[in-house]
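Below: one structure, written as structure tokens.
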Amino acid sequence: MAGERHRIITIANQKGGVGKTTTAINLATALAAIGERVLIVDLDPQGNASTGLGIDRRDRKLSSYDLMVGDRGIPDVTLETAVPNLFIVPSTMDLLGIEMEISQQSDRVFKLRKALSSPEAMAFSYILLDCPPSFNLLTMNAMAAAHSVLVPLQCEFFALEGLSQLLETVSQVRRTVNPRLDIQGIVLTMFDARNNLAQQVVNDVRTHLGDKVYHTLIPRNVRVSEAPSYGKPAILYDLKCAGSQAYLQLASEVIQRERQRLAA
């Protein structure tokens with residue numbers, strides 16, 4: 001049962017600025033707040049998830065780079081955050097060179113899967129993989145290692161076009177390297193109820209993807225945007241703001257889907 005409850009979720013979208021890292025940080029915080037043991041692996045060389053959780057660059061002596069090249073294991077590279085039950089493998093700019101370093105190796109897409117198969121990694125009930133905003137070897141490693149993909153999708157005109165590309169990528173990964181990979185869900189972000197187009201996007205995505213789309217809508221919210229500059233998740237920065245409350249609802253939906261999966 002413990003193994004069944006261990007879930008690795010890739011948070012991915014090849015488009016930047018869709019709320020991917022914000023979703024990773026706040027979903028992880030919400031899961032940790034209800035007692036789950038959670039690890040974020042920051043796979044973006046920009047390191048926004050690490051910064052957003054208050055991890056100073058000077059404290060990132062080891063990073064997800066060291067995990068990927070196989071020099072270090074989970075216990076070596078994992079740092080505590082200010083949130084109880086929430087840990088992070090931080091990112092550094094070293095990740096920019098990872099593609100060149102491992103591209104000739106036969107197991108290049110399985111580096112992360114191997115690193116996350118250790119007993120120390122299995123001790124986390126959720127591992128969230130925050131990917132760069134592109135489909136590269138880092139994202140491929142994340143999808144090869146994960147049980148499922150959670151897709152943040154901005155409520156904007158070209159949303160569905162980008163989503164179809166991502167879903168095709170997931171299908172390709174499932175066919176070639178990871179048969180267990182599925183879609184955890186689509187979470188609609190930056191929703192503005194005053195914008196008719198945003199509501200149209202919500203309707204279109206729900207029509208096309210039905211149950212795959214979470215009920216929770218993440219609103220545009222100034223407090224959520226401010227939080228990373230203070231090195232805090234929005235849920236710690238301002239629990240009562242609309243954005244924080246939405247991420248708490250999203251965490252409830254994620255857990256409910258996991259319960260349904262286990263019961264099936």
Side-chain angles (χ1 to χ4, degrees), residues 8-13 16-33 36-103 111-112 114-116 118 120-121 123-124 126-134 136-139 141-142 145 152 222-239 243-244 247:
I8 302 174
I9 301 173
T10 290
I11 299 179
N13 191 321
V18 298
K20 182 174 49 60
T21 298
T22 302
T23 296
I25 290 172
N26 287 290
L27 176 58
T29 301
L31 290 168
E36 302 287 355
R37 195 162 184 265
V38 185
L39 175 67
I40 291 181
V41 181
D42 189 348
L43 294 172
D44 189 341
Q46 294 179 73
N48 291 337
S50 306
T51 304
L53 283 168
I55 307 298
D56 193 283
R57 290 192 182 274
R58 290 167 296 185
D59 295 329
R60 303 177 204 177
K61 304 288 191 289
L62 296 170
S63 70
S64 50
Y65 168 84
D66 301 282
L67 194 66
M68 294 276 291
V69 297
D71 291 346
R72 302 292 181 132
I74 286 288
D76 306 313
V77 298
T78 300
L79 299 176
E80 291 185 17
T81 72
V83 181
N85 296 322
L86 178 56
F87 301 81
I88 188 166
V89 176
S91 159
T92 60
M93 297 295 278
D94 291 341
L95 279 177
L96 287 170
I98 195 88
E99 198 137 351
M100 194 177 298
E101 192 149 342
I102 68 173
S103 62
K111 295 289 188 181
L112 192 59
K114 182 180 177 184
L116 297 181
S118 67
E120 293 88 356
F124 292 97
Y126 288 94
I127 298 179
L128 304 185
L129 310 177
D130 186 32
C131 295
S134 59
N136 57 17
L137 195 49
L138 287 166
T139 306
N141 262 267
V222 172
R223 302 296 276 174
V224 169
S225 302
E226 288 173 353
S229 63
Y230 293 88
K232 291 181 179 180
I235 290 169
L236 280 192
Y237 180 62
D238 185 351
L239 176 62
S244 294
Y247 277 115

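Because the structure is a prediction, the values reported are computed rather than measured.
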Would you call [X] and [Y] a side-chain contact if the rule is heavy atoms closer than 4.5 Å?
X: L137; Y: K111; answer: no
X: D94; Y: V69; answer: no
X: N85; Y: V38; answer: no
X: D44; Y: P133; answer: yes
X: L86; Y: L53; answer: yes
X: Q46; Y: T51; answer: no
X: S244; Y: I235; answer: yes
X: I40; Y: T81; answer: no

Exercise for review: Classify the ring geometry between F87 and F124 as parallel (under 30°), tilted (30 to 60°) or perpendicular (over 60°).
Suggested key: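 F87 vs F124 ring planes: perpendicular.
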Return the [atom1] to [atom2] distance between [X] and [Y], rounded to the nearest 0.5 Å.
X: N26; Y: T22; atom1: CG; atom2: OG1; value: 6.5 Å
X: M68; Y: N141; atom1: CE; atom2: CG; value: 3.5 Å
X: I74; Y: S118; atom1: CD1; atom2: OG; value: 5.5 Å
X: L67; Y: T78; atom1: CG; atom2: OG1; value: 7.5 Å
X: L95; Y: M93; atom1: CG; atom2: CE; value: 9.5 Å
X: L96; Y: L138; atom1: CG; atom2: CG; value: 9.0 Å

Could you report the tightest heavy-atom contact between [X] and [Y], atom names first, then the distance?
X: I25; Y: G52; result: CD1-CA, 3.9 Å
X: N48; Y: D42; result: N-OD2, 3.9 Å
X: P152; Y: N13; result: O-ND2, 2.8 Å
X: I88; Y: S50; result: CD1-CA, 3.7 Å
X: A24; Y: I11; result: CA-CD1, 3.5 Å
X: P84; Y: A32; result: O-CB, 3.5 Å

Quick check: does any side chain N or O of [X] sit under 3.5 Å from a backbone N or O of [Y], one acting as donor and the other as acceptor?
X: S64; Y: L43; result: no
X: T139; Y: C131; result: no
X: R60; Y: S91; result: yes
X: D59; Y: I55; result: no

Point to revise | Short N-O contact, D66 and R72, less than 4.0 angstrom | key: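 Salt bridge: no.
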Practice item. Consider only side-chain N and O atoms of T21 and D130, and report whether a donor and an acceptor are under 3.5 Å apart. Key: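 Yes, D130 and T21 have a side-chain donor paired with an acceptor closer than 3.5 Å.
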Review point. Do you see a donor-acceptor pair shorter than 3.5 Å between the side chains of T23 and Y247?
Key: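 The answer is yes; a qualifying pair exists.
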Check your understanding: Between V89, V41, L39, which is the residue that forms a side chain to side chain contact (heavy atoms under 4.5 Å, CB included) with L129?
Key ->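 With L129 as partner, side chain to side chain contact (heavy atoms under 4.5 Å, CB included) holds for just one option, V41.
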Practice item. Inspect the surroundings of NZ in K232 and state if more than 12 heavy atoms from other residues, nucleotides or ligands are less than 6.0 Å away. Key: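 No, the 6.0 Å shell around NZ holds no more than 12 heavy atoms from other groups.
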**Study point:** Other residues, nucleotides, ligands: >12 heavy atoms within 6.0 Å of E80 CD
**Key:**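 No - once you tally the heavy atoms of other residues, nucleotides and ligands closer than 6.0 Å, there are 12 at most.
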